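Report on the following structure.
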Protein chains: 2
Amino acid sequence: MFQLNPHSGVPIYRQLCEQVRRMIAGGQLPAGAALPSVRDLAIEHAVNPMTISKAYSLLEAEGLLERHRGRPMTVASRPRLQAGPSQRLNALNSELDRLVLAARQLDLTPTEVIKALREKWEAADAGIRRRTGSR
Amino acid sequence: MFQLNPHSGVPIYRQLCEQVRRMIAGGQLPAGAALPSVRDLAIEHAVNPMTISKAYSLLEAEGLLERHRGRPMTVASRPRLQAGPSQRLNALNSELDRLVLAARQLDLTPTEVIKALREKWEAADAGIRRRTGSR
DNA sequence: CCAAGCGTATAGTCTCAGTAATACACATAT
DNA sequence: ATATGTGTATTACTGAGACTATACGCTTGG
């Protein structure tokens, strides 16, 4: 469900926060949806449970998640169910900045980058089809 | 010359290392080119000089830079002057991964992302023309 | 009821990133 | 020769990130 890279330099709890925010904005985590348990996520990613809990707590403080004692955390019911296209594109801004900076420093052309982007996107498609078993 | 973001979560010295590596691979820092002084960079980015020095030392250990006592650091003369297109695209891999993951979680289409990418690229073009004074 | 599953609280430890203040060795231009 | 500019070494301190270990209160299914 999530992809956490412990060697990216970005703190794990921040990676998780960002991904949950995006999946809520993108509608893949609708209001009321239950999040994976702290312990499950910790085992799956070989990470300490408190690291996951820290991320969840931050998201609750932001009003994105709701806490139910003894029950899994859920996506808050109040907030904007899904962000508009422009807001979601906005959320991609920093990632785009990083990519453009890197590509320009590597002296690549937009055409080359876009081609590589399409290929990676299709590779991700294939990966999802494999995992879900869909044909 | 470089863009360092102290709030990205990625350590500053790592950001600098990555950018120097890319600009060498991309040919924008040719063999023998002198790098900005540790003190200048530190002032420009409001960072401690030792943080810059740390990055330079790591790059020297990698063989990318050469040290000349009392003189600026330079790009090593020996190494591959410029990486091939496929190698440079490869260096963009992790950035592409991050972008695709973010975009998919935001439920964006490749078309939307590519459009935003082109716009950001052109904005960077404009910024460079403004700084260099070219018309 | 009670075990199992939730998230949480607390406290201690460890590593690394970044800062700070000096001091040094070398090169170069004046 | 001297001032100025390189990068570097040293030591010490602060803070964040992550881990470890234990315990607690809550809910739900048997």
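In what follows, chains are A, B, ... by sequence order, proteins preceding strands, each numbered from 1. Quantities reported herein were computed from a predicted structural model and do not represent experimental measurements.
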Protein-to-nucleotide contact annotation, 5' to 3' order, nucleotides 22-27 of chain D [B base; S sugar-phosphate only; - none; under 4.0 Å, heavy atom]: ----BS
For [X] and [N], is the shortest distance between a side-chain N/O and OP1 or OP2 below 4.0 Å?
X     : N      : result
B:K54 : C:dG18 : no
A:S53 : C:dT8  : yes
A:T51 : D:dC19 : yes

Send over the distance from [X] [atom1] to [N] [atom2], rounded to a whole Å.
X     : N      : atom1 : atom2 : value
A:L4  : D:dG17 : CG    : P     : 15 Å
A:R67 : C:dA9  : CZ    : C1'   : 11 Å
A:I52 : D:dG17 : CD1   : C1'   : 13 Å
B:L65 : D:dT6  : CG    : P     : 16 Å
A:H7  : D:dG17 : NE2   : C1'   : 15 Å
B:L35 : D:dT6  : CG    : P     : 13 Å
B:I12 : C:dA17 : CD1   : P     : 11 Å
B:E66 : D:dG7  : CD    : P     : 15 Å

Under 4.5 Å side-chain heavy-atom separation, chaining through any Ile, Leu, Val, Met, Phe, Trp or Tyr, what else clusters with B:L101? Say none if it is isolated.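 When side chains under 4.5 Å apart are linked, B:L101 ends up in no cluster with other residues.
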Scan residues 13-21 of chain A against DNA chain D and write down, sorted by residue number, each residue with any heavy atom closer than 4.0 Å; if none is found, say none.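 Residues of residues 13-21 of chain A that come under 4.0 Å of DNA chain D are, in numerical order, A:Y13.
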Would you jot down, in residue-number order, the residues of residues 41-48 of chain A having a non-hydrogen atom under 4.0 Å from DNA chain D?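 Residues of residues 41-48 of chain A that come under 4.0 Å of DNA chain D are, in numerical order, A:V47, A:N48.
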Please set out all donor-acceptor pairs under 3.5 angstrom arising from side-chain atoms of residues 45-53 of chain B, sequence neighbours excluded.
| unit_1 | atom_1 | unit_2 | atom_2 | d |
| --- | --- | --- | --- | --- |
| B:H45 | ND1 | B:L41 | O | 3.2 |
| B:H45 | NE2 | B:F2 | O | 3.2 |
| B:N48 | OD1 | B:M50 | N | 2.9 |

What pair of heavy atoms forms the shortest contact from A:G9 to B:P11, and how long is it?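 Where A:G9 meets B:P11 most closely, the heavy atoms are O-CD, 3.9 Å.
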What are the two closest heavy atoms between B:P36 and B:M1, and how far apart are they?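 The pair with the smallest heavy-atom distance is CG-SD, 3.7 Å.
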From the set [options], return the single nucleotide nearest to any side-chain atom of [X].
X     : options              : result
B:Y56 : C:dA17, C:dT8, D:dG7 : D:dG7
A:S57 : D:dT8, C:dT8, C:dG18 : C:dT8
A:P11 : C:dC6, D:dA18, D:dG7 : D:dA18

How about A:Q3: does its CD atom have over 12 heavy atoms from other parts shown lying under 6.0 Å from it?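 Atom CD in A:Q3 is not packed in, count stays at 12 or less.
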Listed by chain and number, what are the salt bridge (Lys or Arg N to Asp or Glu O under 4.0 Å) partners of [X], not counting sequence neighbours?
X      : value
B:E95  : A:R98
B:R118 : none
B:E112 : none

Using five base pairs at each end to define the local axes, how bent is the helix from C:dC1-D:dG30 to C:dT30-D:dA1, to the nearest 10°?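 Its terminal axes enclose an angle near 20°.
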Which residue pairs pass the salt bridge (Lys or Arg N to Asp or Glu O under 4.0 Å) test with at least one member in residues 36-59 of chain B, sequence neighbours excluded?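 Sorted pair list comes back empty.
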Pairs flagged by salt bridge (Lys or Arg N to Asp or Glu O under 4.0 Å) wherever residues 10-27 of chain A is involved - sequence neighbours left out: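 Qualifying pairs, neighbours excluded: A:R21-A:E62.
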Please examine the side chains of [Y] and [X], heavy atoms only from C-beta on, and report whether any two atoms are closer than 4.5 Å.
X      : Y      : result
B:P6   : B:I12  : yes
B:L35  : B:L65  : yes
A:R104 : B:D125 : yes

Looking at residues at least two apart in the chain, or sitting in another chain, which of them share a side chain to side chain donor-acceptor pair (under 3.5 Å) with A:N5?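 Scan of A:N5 (side chain to side chain donor-acceptor pair (under 3.5 Å), adjacent residues dropped) gives none.
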